[in-house]
Amino acid sequence: MEGKINKQLKKVLKKIVKEAHEPLAVADAKLGGVIKEKLNLSCIHSPVVNELMRGIRSQMDGLIPGVEPREMSAMCLGLAHSLSRYRLKFSADKVDTMIVQAISLLDDLDKELNNYIMRCREWYGWHFPELGKIISDNLTYCKCLQKVGDRKNYASATLSELLPEEVEAEVKAAAEISMGTEVSEEDICNILHLCTQVIEISEYRTQLYEYLQNRMMAIAPNVTVMVGELVGARLIAHAGSLLNLAKHAASTVQILGAEKALFRALKSRRDTPKYGLIYHASLVGQTSPKHKGKISRMLAAKTVLAIRYDAFGEDSSSAMGVENRAKLEARLRTLEDRGIRKISGTGKALAKTEKYEHKSEVKTYDPSGDSTLPTYSKKRKIEQVDKEEEVTEKKAKKAKIKVKVEEEEEEEEVLVEEETSTKKKKKKDKKKHIKEEPLSEEEPCTSTAIPSPEKKKKKKKKKDSED
Amino acid sequence: MVPGLSVYGERRVTVTENGVKQEYRTWNPFRSKLAAAILGGVDQIHIKPKSKVLYLGAASGTTVSHVSDIIGPDGLVYAVEFSHRAGRDLVNVAKKRTNIIPVLEDARHPLKYRMLIGMVDVIFADVAQPDQSRIVALNAHTFLRNGGHFLISIKANCIDSTASAEAVFASEVRKLQQENLKPQEQLTLEPYERDHAVVVGVYRPLPKSSSK
């Protein structure tokens, strides 16, 4: 077809034409040349040949006897289809529907298997509850059950292939002193049926997983290398087909699978999720939580390239995937080591480290937090009068404050500026009496006209009480 | 020809004629150059039932399916398309219709698919390539019978985007004449396409017999 001589053609040529000793008319110049080389037959290629060909073609039906037109057309059709298929390299291997179906089936199987196992445990637990606690692995449990069945048979049965010796001994001991009920033959029969089903399904599940791995390697080898079979298969299944997946942007692939969180965050103007299905890829799994976001983004970018290569590329080698994965792993190592070299930008520039400056912070003691009483400035205002009255009302209830006040007053005598009349009013102690008098002299200076008569009155009262 | 199936999402109409239910598919002139030509008023498309058609530039098989409907089960249309993506769709269409033979080869090298095609009555070319005329000529020399016809859809932009459309059409017609492809009609595809023309002609016309 493409200028090469087929074996059959060679045979025919050798047989027939060599005997005829006549030049061979060839339509394809290249083919003619090749025939001449290999078989030493003289070939003619000229417009005359073309005319001859036309004539032959027109009369083809008549020239070849014994071939019905229908057969001819059928042959043509079949030949055309097979050639087209060959052209398209149409192989059943490349169909990605298999992947989508397989992964869905895998998930379904897991769910069903879990249900069945739970049911099995519960059901058999009526008869022999201790076994459930001793054997935690589901498959071993079922196999054990299948072998033995009724509790009485445990003593005689050998479970050495399934269980290690101590566990086996434990099981046998527990069988003797079990507190489960007795069950009839029929019941055990049914439980055994369920067990066989469970075992079959688990075996099928492992088979299916292998099948999925094979398909993934055949259909999308680069994706498999980058993110692994399961994650790759889930991505394809999520998008619907490999071609659909290839149309997505890298950022979409990054959060594929986290749509609910994405749109919720977008609506409420919060941070969007950093990873979707890609989170389960091994590269993302092995990084520390700090760098998972970064790695997820980088992985998504390279994975998208791998996806497109697999979807649209002609050859199906995984060289590109391997290369990219190596790149990513190198970057990951740099990230993990907190490398001093920047990843983006010019790789040669060293990351800037800030100069260490000793910032000395000297804190001084702030006395404003000492007193719970409100402090007043030297210059008193009219509004402060009300406050003073309120304070005097409270004085009776709070004895501790009085004590404090006394202490403060002792201090404040040194700091004369901050004296307030309210504190003076609270004084009931006779000891302070003497102090009052010199302080009271200060009062008329500091106090306003209105409150002064009140204070004087109170003072008089005190003086009266003291007297 | 295959009732109940829509090839490219076109609408289908079922009509009862003389007690027999016939399904018709709507043919979109905006998508199909052949339909545009027919609606534009071309005299003869030469595609009749039982004719053999060589269709160059079949793409996804949308117009090819209509041609297949016209020629019926006794005719044959050889659909040549080089692109793999479109070729896949073409093969799918060909699966359903047995009078379509898909050929996924470059139309520039008719020798590559010479074993698949017998002599044809009509060549329809919609390839949109600058060397269109040469392609058609090569295929005509190899496959088109004497007195056979050809329909070529010329896109002026494709041949030469700087020259005016009329000039491009004229030059193409001249090239065809040199190859013994005698043009008989030419019409533009307004209002369906811009700067497009369809040239209908005959190849190696049979000598006219004196009688009749």
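Protein chains get the first letters and strands the later ones, always in sequence-line order, with residue 1 at the start of each.
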If one checks every heavy atom of N146(B) against chain A at 4.5 Å, the contacting part turns out to be both

(request) Please name the pair of heavy atoms, one in K95(B) and one in H81(A), separated by the smallest distance, quoted to 0.1 Å. (result)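 Closest approach of K95(B) to H81(A): N-CE1, 4.0 Å.
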
Smallest heavy-atom separation, A80(A) atom then P102(B) atom, equals CB-O, 3.5 Å

- Query: Should we count CZ of R12(B) as having more than 12 external heavy atoms under 6.0 Å?
  - Reply: yes

Rounded to the nearest 0.5 angstrom, the OH-CG distance for Y113(B) and L79(A) is 14.5 Å

The reported gap from CG in L83(A) to CD1 in I101(B) (rounded to nearest 0.5 angstrom) is 11.5 Å

Most contact-rich option vs chain A, by heavy-atom pairs under 4.5 angstrom, among L104(B), V120(B), L144(B), I100(B), is L104(B)

